[in-house]
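Residues: numbered from 1 along the sequence shown.
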Amino acid sequence: MKANLDQRAAERSYEIPDSELTPLVSWSAYSLRKHWNTVKNAIAVNPETGQPWWPENSKEAYSSGIANCAAALSNWSDARSGKRKGSMGFPRFRSKRAVPSCRFTTGSFGLVTDGGDRRHVQLPRIGAIRTCESTRKLARKTIAGSARIRSATISYRRGRWQVSFSVETTVPARALPPTGAAAVGDGGVGRSVVGIDVGVKHLAVLSTGEMIENPKHGRKQAKQLRRLGRRASRRVGPDRRTGQQPSRRWLRTQEQIRALHTRIAAARRDHLHKLTTRLVRDFDTVVVEDLNIAGMTRSGGAYKRGLNRALHDAALAEIRRQLTYKTEWTGTGLHVADRWYPSSKTCSNCQAVKNKLPLNVRVFTCDACGFRADRDHNAALNLAALAAVVDGGASSASCGRDVKEARQKPTIRPATRRADGIAAGTPPSGERDRGNPATHAECTKQHSA
């Protein structure tokens, strides 16, 4: 693909008309896969035996890489033409340090139901593999016909091989509270609305007054990580310049470091899933902020480095990501406040906006009406009231507000193209009938084993 694009660019430099340029090669997954099938016998040859090496692996290994390549080329083209916001460079080959993964969409894969132990999965070209976690919960749904496995993804993460199944299932309707049972801070819209202000001291402060403490999973294990890091530095590690191989003690210490990082990530993921699931189950509408996490975690001084570490440990962007797809599953409304909406500087009582509010000031005091409240709780109340502004289409009365009405509307971003569920690149047969969202919703869940 790159050679074809470079050839066309060189011909344009000689002022050759577009009609006479070298034909552009299609970068759809279907076209790339068709081209691979025509050249694989010639280029994929073992120099020692003279036989092609591609039949040793599953064909899905190549189809998965081709589908990812097609998606990356489409995103790069859309970014250049303005169809996609932001900038994106030309796709590059995956680094060896990246997470190796492969997605299976065809062939013999799924759960092994024979034997009754519910701890084996079937993979193409690999066979039956015993899993650490039990697959009983997923097996019951597939046997009952309430779930269908669509694909399986193999990945190597933190020293462990993992398989995750993409499953199509039917989620029962969520029992909604009766109309008028509104929570505190609902903005007077007559239904359960919650505003969520995330932070470092408190992981989330709700407009109902509930303050959820930050578990600080990484900080609790920081001492042990430092101890293991010092131990690894005393061992004989690998050296690329001299070709020195690492010692067994160094490898054993690295395995302990990976295990500790795995434990931290699992604890953080479990806590965030429980929090976001409770929010979408207990409330009809959730309002969050569009935070610039990448900009907030840029390096700058010792204090900034400590703040960056705390922000990464809290995983604030993961809360937004989980709320996005869980609200779609359950039919709960999600409003995203604009990035520049001054939720912390605005008085939730009279809507007056402060000019400055340093981070060390944890109690909000309004200069206009004298209202006093916790800084984060005041921001959560403003976010909850913002749902009434968005739904009603009109702004409430403000006192000294210096933010445009356009910034109070939810932010809508274009979706990024990703590899299609069918690695072959063929278009789907048609949109599935998702049914009435009030009764049920077709969704895709990730079941990991």
Side-chain angles (χ1 to χ4, degrees), residues 133-138 140-141 146-147 150 153 162 164-178 181-186 191-200 202-218 262-291 293 312-337 376 380 383-384 387 410 434-449:
E133 299 181 14
S134 176
T135 61
R136 186 178 303 275
K137 185 176 180 181
L138 178 58
R140 289 175 178 175
K141 294 183 179 180
S146 59
R150 299 174 64 251
T153 302
Q162 298 180 353
S164 61
F165 291 101
S166 178
V167 181
E168 184 177 0
T169 183
T170 301
V171 178
R174 183 171 65 98
L176 299 177
V184 178
D186 65 344
R191 66 185 181 201
S192 180
V193 178
V194 62
I196 305 173
D197 183 79
V198 295
V200 175
H202 294 93
L203 183 62
V205 177
L206 309 185
S207 57
T208 58
E210 180 182 359
M211 295 186 178
I212 301 172
E213 294 295 332
N214 186 3
K216 300 179 181 179
H217 301 283
T262 302
R263 192 180 307 117
I264 295 172
R268 182 187 297 113
R269 183 170 56 251
D270 178 73
H271 182 266
L272 294 182
H273 272 296
K274 291 178 179 178
L275 171 62
T276 54
T277 300
R278 181 169 67 89
L279 292 175
V280 300
R281 184 184 64 240
D282 296 345
F283 299 97
D284 295 338
T285 304
V286 180
V287 186
V288 293
E289 292 180 294
D290 182 20
L291 298 178
I293 303 298
H312 285 299
D313 190 16
L316 304 182
E318 180 67 12
I319 299 177
R320 161 82 180 279
R321 188 191 71 85
Q322 293 183 9
L323 286 175
T324 300
Y325 73 83
K326 288 183 180 181
T327 51
E328 294 178 357
W329 285 358
T330 59
T332 305
L334 177 65
H335 290 315
V336 181
D376 298 333
L383 293 175
R434 297 183 179 272
N436 187 355
T439 57
H440 71 279
E442 295 286 347
C443 66
T444 303
K445 283 190 175 181
Q446 293 292 336
H447 294 264
S448 298

Exercise for review: Taking the side chain as every heavy atom from C-beta outward, state whether Leu203 and Glu213 have any atom pair closer than 4.5 Å.
Suggested key: no
Are the side chain of Asn214 and the backbone N or O of His202 linked by a donor-acceptor pair below 3.5 Å?
no
The reported gap from OG1 in Thr330 to CG in Asp284 (rounded to nearest 0.5 angstrom) is 9.5 Å
Check: Arg150 and Val167 side chains under 4.5 Å, non-hydrogen atoms: no
Side-chain (Thr327) to main-chain (Gly333) donor-acceptor, under 3.5 angstrom: no
>> Do Val287 and Val193 make a side-chain contact, defined as non-hydrogen atoms from C-beta onward lying under 4.5 Å apart?
In response: yes
Rounded to the nearest 0.5 Å, the CD atom of Glu210 sits from the CZ atom of Arg278 at a distance of 4.5 Å
Quick check: do Val286 and Ile196 have side-chain heavy atoms less than 4.5 Å from each other?
yes
Nearest heavy-atom approach of Thr169 to Ser146 is OG1-O, 3.0 Å
Interatomic distance, CZ@Arg321 vs CD1@Ile319, rounded to 0.5 Å, equals 11.5 Å
d(Arg269 CZ, His217 NE2) to nearest 0.5 Å is 11.0 Å
Practice item. Could you check Leu138 against Phe165 for side-chain contact (heavy atoms from CB on, under 4.5 Å), going step by step and ending with a plain yes or no? Key: CA-CA 10 Å; Leu138 178 58; Phe165 291 101; 4.2 Å; yes
In short, Asp197 meets Ala380 closest at the heavy-atom pair CB-N, 4.1 Å
Check: Between Ile212 and Val205, is any pair of side-chain heavy atoms under 4.5 Å apart?
Finding: no
- prompt: Taking side chain as C-beta onward, heavy atoms only, is Val288 less than 4.5 Å from Leu383?
  reply: no
Check your understanding: Within a strict 4.5 Å, meaning less than it, do heavy atoms of the Val280 and Leu334 side chains meet?
Key -> no
Audit row: Leu279, Leu206, side-chain contact (heavy atoms from CB on, under 4.5 Å) steps and yes/no: CA-CA 10 Å; Leu279 292 175; Leu206 309 185; 4.0 Å; yes
- Find out whether Val336 and Arg320 are in side-chain contact, i.e. whether some heavy atom of one side chain is under 4.5 Å from a heavy atom of the other. yes
When every non-hydrogen atom of Leu316 is compared with those of Gly199, the smallest separation belongs to CD2-O, 3.7 Å
For Thr276 and Lys326, which I'm curious about, is there any donor-acceptor pair between the side chains at under 3.5 Å? yes
Short side-chain to backbone donor-acceptor contact, Asp313 and Gly218, under 3.5 Å: yes
Contacts of Arg136 meeting salt bridge (Lys or Arg N to Asp or Glu O under 4.0 Å) (sequence neighbours excluded), chain-then-number -> none
Value for NZ (Lys141) from OG1 (Thr135), rounded to nearest 0.5 Å, stands at 13.0 Å
*asked:* For a side-chain contact (heavy atoms from CB on, under 4.5 Å) check, start with the C-alpha distance between Thr277 and Lys274, then their side-chain angles and the critical distance, and finish with the verdict.
replied: CA-CA 5 Å; Thr277 300; Lys274 291 178 179 178; 6.0 Å; no
Q: Evaluate the side-chain contact (heavy atoms from CB on, under 4.5 Å) criterion for residues Thr285 and Thr332: first the C-alpha distance (whole Å), next the side-chain angles of each, then the deciding distance (0.1 Å), finally the verdict.
A: CA-CA 6 Å; Thr285 304; Thr332 305; 5.7 Å; no
